[in-house]
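Below is one structure, written out as structure tokens, with a few remarks after it.
Treat the numbers as computed from the prediction; the structure is a model and nothing was measured. Just so you know, these numbers use all the heavy atoms, side chains as well, and skip hydrogens, waters and symmetry mates.
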Amino acid sequence: MRGDAPQEGVKIWDIALRLFHWALVVAFAFSAWSAFQDKFGIYANMHTYAGVCVLILVCWRILWGLAGSESARYTSFVRGPKAIIGYLKHGDAAKCPGHNPLGAWSVVLMLLLLLAQAVMGLFATDDMFFSGPLSDQAGDWAGRLTRWHKQTGLVLLGLAGLHILVVLYYTLIKKAGLVRAMITGTKPAAKRAPKLASPWRALAILVPLAGTLWHLILG
């Protein structure tokens with residue numbers, strides 16, 4: 001029967017955004033894991049490089065939210081309190097073409113915290129084994145930035161855990177297919193296909209951005 005046939009799905013996430021998501025997962029995992037190791041040798045290098053990669057990725061995502069695909073742009077998914085309340089009462093995550101109103105603000109919060117965390121890490125130092133690549137420029141702020149970097153890291157670990165639980169809830173209970181959507185780019189229940197930007201545009205933003213930040217930070 002036709003009604004039993006699987007839905008092909010609507011393409012909502014471009015390849016650049018999907019690669020960004022999984023690259024950020026890997027970079028954040030390495031930075032978090034290395035943060036709890038002794039900060040010398042390979043672990044110090046791992047923490048530094050992973051942190052710089054997080055910074056590059058987050059900066060790219062911020063720019064992609066201005067010049068990227070429709071579903072990635074802030075104007076298409078960031079909504080006010082009324083939309084969030086309406087979604088909590090009647091919303092269906094599976095039918096949202098991109099981020100739902102509540103998830104949109106969680107994305108914004110995570111990006112801002114990751115940006116702050118990565119920037120503070122550049123100037124952090126334990127005055128023993130590990131110093132961020134720009135710590136010598138922090139002056140009297142080094143101690144405070146180091147403390148805030150550690151505290152923000154714990155907050156991010158908590159939010160990452162919450163994010164995983166929410167994704168599992170929407171995937172297993174609500175059947176929204178969020179993980180599959182971030183792998184394949186499609187959502188079976190989405191009503192409309194957003195306009196997706198070319199991956200070449202993503203590269204045109206990423207390459208000069210990554211080269212500039214890498215040179216300025218690591219020389």
**Message:** Go through it in stages, so that I can follow the logic: the residues are L115 and L55, the test is side-chain contact (heavy atoms from CB on, under 4.5 Å), and I'd like the CA-CA distance, side-chain angles, deciding distance and then a yes or no.
**Reply:** CA-CA 6 Å; L115 178 63; L55 179 60; 3.6 Å; yes
**Asked** Roughly how far, to the nearest 0.5 Å, is the CH2 atom of W141 from the CH2 atom of W148?
**Response** 4.5 Å
**Complete:** Residue pairs meeting ring-ring contact (aromatic ring centres under 6.0 Å, His included), one or both in residues 198-219, sequence neighbours left out, come to Y49-W214
**Asked** Once the angle between the rings of H21 and H163 is folded into 0 to 90°, is it parallel (under 30°), tilted (30 to 60°) or perpendicular (over 60°)?
**Response** tilted
**Prompt:** Checking side-chain contact (heavy atoms from CB on, under 4.5 Å) for the pair I62/Y74: CA distance, chi angles, key distance, verdict?
**Reply:** CA-CA 9 Å; I62 291 172; Y74 311 118; 3.7 Å; yes
**Message:** Would you say the rings of W60 and F20 are close, in the sense that their centroids are separated by under 6.0 Å?
**Reply:** yes
**Request:** Would you sort out whether L114 and L156 count as a side-chain contact (heavy atoms from CB on, under 4.5 Å), showing the intermediate values?
**Result:** CA-CA 8 Å; L114 285 167; L156 280 167; 3.9 Å; yes
**Prompt:** To the nearest 0.5 Å, what is the distance between CG (L196) and CZ (R201)?
**Reply:** 10.5 Å
**Asked** If we only count heavy atoms from C-beta on, is the L213 to C59 side-chain gap below 4.5 Å?
**Response** yes
**Stepwise side-chain contact (heavy atoms from CB on, under 4.5 Å) check, T75 with E70** = CA-CA 8 Å; T75 53; E70 179 185 351; over 6 Å; no
**Request:** For the residue pair S71 and S69, confirm or rule out a side-chain donor-acceptor distance under 3.5 Å.
**Result:** no
**Fill in**
Those residues at least two apart in sequence (or on a different chain) that pass ring pair (Phe, Tyr, Trp, His ring centres under 6.0 Å) with Y43 are W33
**Asked** Is any side-chain heavy atom of T48 closer than 4.5 Å to a side-chain heavy atom of I217?
**Response** no
**Asked** Within a strict 4.5 Å, meaning less than it, do heavy atoms of the D136 and T125 side chains meet?
**Response** no
